[in-house]
Amino acid sequence: MNLSESQMKEIADERDQQSLTRRNTVSELEDLMFSPIPVLDHGFIRVIDYMGSDSSVVQAARVSYGKGTRRVSDDRNLIKYLLRHSHTTPFEMAEIKLHVKLPLFVARQWIRHRTANVNEYSARYSILDNEFYLPDAAHLAAQSDVNRQGRGETLNEDETNEVLELLRRDANHAYSSYLSLLNQDELGNKLDLKKTGIARELARMNISLNFYTQWYWKVDMHNFMHFLRLRADSHAQYEIRAYADVMLSIFKAWAPWSYEAFLEYRLNSVNLSQTSVEVVRRLIAGEPVSFETSRLSRREWDELALTFNLKKD
Ligand SMILES: Cc1cc2nc3c(=O)[nH]c(=O)nc-3n(C[C@H](O)[C@H](O)[C@H](O)COP(=O)(O)OP(=O)(O)OC[C@H]3O[C@@H](n4cnc5c(N)ncnc54)[C@H](O)[C@@H]3O)c2cc1C
């Protein structure tokens, strides 16, 4: 993650400013405010602002006049109860705003979450930086044989080096063509005085998906949890999961009781189909159940076996 001196100064200046407020604040999140938390090789997440926390969830649920707080244990249990019973609107009363720097292919997955407000860096207005994502060797893997949307074995050293070289070469080539199309160097000086170059909104089209973009992303806690439920899950692509993992740590600082309830009733819980529940009941009753007698599909059986450490066949 590279930040220029002026960007670091802007962040330090922002962090130095303090204002009195009657609003409810969270010191753990205040500590994180504005500082970029690195993700992948050049990306980051910064907390820019937030409104409310656990207490606003409780306050909204009780429609109370003050902070909504009774006893700590009451509030904590109320939050658990709300999430367990999918009474989610109180969680919409708290919001968070993040500044995210992320590769374009991650942004394409992220933007599918429609229930947030987004403002993206404009490559029509500004020139893109020469920053592209190169995976760590540990994350360079072959296509999975069992999951069409996943990775399998990691590559050997020779193939890893070859792949990284190809990715680096193509991205550098794309960036150098991008500057040629603009007829500019990285500092904005004209390359050829006789040429006009093409507009930024056109020149960007040859940039590859591993280049970084940036946006401000604002979301309420309910939809923040929905995002994390899908993207911090082991089925999500590693690169977006890396962002979701950082967001989990932000969530913990922001609203520790909601975070705790989220782990319990969403992220680490499982949904069971009607037939899966029947299988579990039969197993508890001591009946031997195999894939053949389970009436589940192969994939569902394998997933159930994994969840409950069952013998696979
Ligand atoms: C592992 C994984 C694999 C995926 N693979 C693919 C893929 O192959 N192809 C692909 O196109 N996408 C894929 N997606 C994206 C996925 O289909 C969703 O678009 C994405 O996860 C956003 O989820 P969402 O719509 O629930 O979120 P949001 O857009 O934030 O919506 C939140 C909720 O609001 C409600 N909502 C929002 N908009 C509407 C609407 N217009 N109508 C009705 N209800 C609405 C729904 O209840 C929704 O769940 C994948 C996602 C994951 C996590």
Side-chain angles (χ1 to χ4, degrees), residues 39-40 43 45 47-52 56-57 60 82-100 102-120 133 135 139-154 208-210 213-251 254-255 258-259 261-273 276 297-307:
V39 193
L40 304 180
I45 298 183
V47 179
I48 299 300
D49 208 352
Y50 66 100
M51 179 179 77
S56 5
V57 176
L82 294 172
L83 209 58
R84 189 153 58 91
H85 294 280
S86 297
H87 179 10
T88 48
T89 44
F91 296 92
E92 292 171 23
M93 300 298 157
E95 293 194 344
I96 194 158
K97 181 160 57 181
L98 305 175
H99 175 187
V100 189
L102 69 176
L104 287 163
F105 70 92
V106 176
R108 276 181 66 166
Q109 295 188 331
W110 193 309
I111 203 71
R112 299 300 306 280
H113 297 265
R114 296 157 287 181
T115 41
N117 305 101
V118 188
N119 195 68
E120 189 173 5
Y133 169 62
H139 298 293
L140 270 183
Q143 176 59 46
S144 163
D145 292 331
V146 284
N147 178 357
R148 277 191 232 168
Q149 281 200 333
R151 292 175 210 186
E153 295 286 305
T154 48
S208 49
L209 287 177
N210 56 348
T213 185
Q214 300 183 36
W215 58 37
Y216 267 40
W217 191 75
K218 181 171 74 70
V219 71
D220 63 54
M221 197 188 286
H222 168 53
N223 287 297
F224 186 74
M225 289 190 287
H226 183 64
F227 179 96
L228 291 177
R229 169 77 186 82
L230 295 171
R231 303 302 183 177
D233 184 88
S234 61
H235 296 93
Q237 173 162 351
Y238 161 73
E239 282 76 12
I240 197 162
R241 218 168 350 112
Y243 285 86
D245 286 345
V246 168
M247 286 156 78
L248 278 176
S249 64
I250 292 171
F251 190 14
W254 177 29
S258 301
Y259 166 82
F262 169 72
L263 294 191
E264 180 71 18
Y265 299 113
R266 292 286 188 278
L267 191 61
N268 300 326
S269 68
V270 283
N271 277 329
L272 294 183
S273 66
S276 299
S297 71
R298 182 80 239 182
R299 181 170 270 201
E300 274 184 293
W301 171 256
D302 287 347
E303 285 172 5
L304 193 72
L306 195 67
T307 305

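One is the number of the first residue; the rest follow in order along the sequence. As the structure lists them, so they are numbered: ligands from 1, and atoms in each ligand from 1.
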Check whether the ring centres of W254 and Y259 lie less than 6.0 Å apart, and answer yes or no. no
Could you see which bit of H226 sits under 4.0 Å from ligand 1, with heavy atoms only: side chain, backbone, both or neither? side chain
Check each of R231, R112, R241 against atom 51 (C) of ligand 1 and report the one with the nearest heavy atom. R231
Closest to atom 31 (O) of ligand 1 by heavy-atom distance, out of I240, T115, L230, is T115
Contacts of type side chain to side chain donor-acceptor pair (under 3.5 Å), residue T115, not counting sequence neighbours: N223
Under 4.0 Å, heavy-atom basis, I'd like to know which part of Q109 is in contact with ligand 1: side chain, backbone, both or neither. neither
With heavy-atom distances below 4.5 Å as the criterion, would you say the side chains of M247 and W217 are in contact? yes
Distance-only polar pair, side chains of E120 and Q214, donor-acceptor under 3.5 Å: no
